[in-house]
Amino acid sequence: MSVRSWGNYPKVEHAAVVPLYWRHLELPAAPAPMLPAGLARSYGDSCLNENGTLLATPRLDRLIAFDRSTGVIRCEAGMSLAALIALVLPAGWFLPVVPGTAYVTMGGAIANDVHGKNHHVAGTFGHHVRRFELLRSDGTRTECVPGDKLFRATLGGLGLTGLVTWVELQLVSVPSAFLDVETIRMRDLDHFFALSEASSASHEYTVAWVDAMAQGADVGRGTFMRANFAHDAGFAAPRAGRLSIPFDFPSFALNRPGIALFNALYRARAQRDWKRTREPCSTYLFPLDGIGHWNRMYGARGFLQHQSVVPRTAARENIARMLEEIARDGEASFLSVLKVFGDRDGPGLLSFARPGVTLALDFPMRGPRTLELLDRLDAIVRSAGGAVYPAKDARMSAETFRTSFPRWQEFRAFIDPSFSSSFWRRVAG
């Protein structure tokens, strides 16, 4: 069976895709190796298992328990963040950390130890997990809690330590379903760092969009956005309409002139002074979820995302080097996002988010030229002592992975012997 990740690259064949159900939850007698699979929102091959078996978990989506007085919730690992939010938000609770899409399963959020626009306040998803059950290929079930070695290995462990069957999470209380959002035009990288520092103590969510085609003194120009939950807006958020892209765009649709025009129009929307709006929280936190199959914008060849984090020491220099490399190359990034992470290290052995500055970039797949550019970006990240995010990767070298995650050998001891992935075989052998 042919399966692709969200980036539509690569496309690989699997021996089987086996749906799991709560009524008969046991690992199947299927061709090894196995890998849990959620909603396939990883961009590269960390959610693929070429010639092996995918254990499809989206039907493991039952709510097990929800204490409305404390905000502790337990659910099966195949429940999506979108479904969980729909259950808990009307009761005044919200997920403490969300990535840029709500179409991620709870198990996937653990496997990638996802982060969000509030990392400087809340850390990663794993910091709020109270416990989970891990089913191993030998049939053993282990309830993992913070402090356990298997807990640390599974958070950010890319689904390789076994199958997470259920998750218990501490939610956060929120006053409404809306965010008060402030937006300002960003002049350059120095302006970005000044805005981030000024906003970190006053606003829970901060993020910037960057024009990756800017050069010279304009490097880092873009739009900076910050937000807090509104206190007087209630929970009756309107249900947003959802458009959908029905087919792959032609390859020329996201060419350099088109992206340059988009960048100019997007930046022009922001003002030189703060513009304040009130939005449903999903509009700000999940801006692309309102467009079904938005990955088709990049065409049939798909796209590659490069997300990295570099230490704050010399972060401005290294982010500038990456943006300048992109502008010189001419490979335009359609979506470019910049954020300062907080001071908390990730709780997992392979957690990506750590103190530093993260830059995420999307590139249409145009063949060797695109891959060579990303190799050059990797070299900048390695020299800075940073890391590249496995959940967004389809091509990093073993050298880049091992430099990014120096505890990978320690992690290796916790891998279930019947589990593997295309990504792991590529970077770890």
Between Thr403 and Thr400, a side-chain donor and acceptor under 3.5 Å: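 Their side chains do not contain a donor-acceptor pair, so the 3.5 Å distance test is not met.
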Donor + acceptor pair across side chains of Arg296, Asn8 (<3.5 Å):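 No, Asn8 and Arg296 have no side-chain donor paired with an acceptor closer than 3.5 Å.
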If only atom types and distance count, is the side chain of [X] paired as donor or acceptor with the main-chain N or O of [Y] below 3.5 Å?
{"X": "Thr57", "Y": "Gly78", "value": "no"}
{"X": "Asn318", "Y": "Val310", "value": "no"}
{"X": "Thr154", "Y": "Phe151", "value": "no"}

Lys/Arg-Asp/Glu bridge criterion (N-O < 4.0 Å) met for [X], [Y]:
{"X": "Asp343", "Y": "Arg312", "value": "yes"}
{"X": "Arg376", "Y": "Asp329", "value": "yes"}
{"X": "Lys275", "Y": "Asp273", "value": "no"}
{"X": "Arg187", "Y": "Asp218", "value": "no"}
{"X": "Glu324", "Y": "Arg321", "value": "no"}
{"X": "Arg221", "Y": "Asp188", "value": "no"}
{"X": "Arg407", "Y": "Glu410", "value": "yes"}

Sequence-distant partners of Arg412, salt bridge (Lys or Arg N to Asp or Glu O under 4.0 Å), two or more places apart: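 Listed in chain order: nothing, the list is empty.
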Side-chain heavy atoms of Val12 within contact of Asp45, under 4.5 Å: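 The answer is no; the side chains never approach within 4.5 Å.
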Rounded distance [0.5 Å steps], OG in Ser420 versus CG in Asn51: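 Going from OG on Ser420 over to CG on Asn51, the span is 11.5 Å.
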Euclidean distance, Asn118 CG relative to Thr124 OG1, rounded to 0.5 Å: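 With rounding to 0.5 Å, OG1 (Thr124) is 10.5 Å from CG (Asn118).
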NZ or CZ of Lys392 within 45° of Tyr43 ring axis and under 6.0 Å: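 Flagged: Lys392 positioned over aromatic ring of Tyr43.
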Face-on cation placement of Arg226 at Trp274 ring, 6.0 Å and 45° thresholds: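 The answer is yes; both the distance and angle limits are met.
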Whether Trp424 and Phe401 hold their rings parallel, tilted or perpendicular, with breakpoints at 30° and 60°: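 Because their plane-to-plane angle is over 60°, the rings of Trp424 and Phe401 count as perpendicular.
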Parallel, tilted or perpendicular, as decided by the 30° and 60° cut-offs, for the rings of Phe352 and His115: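 Plane angle between 30° and 60°, so tilted.
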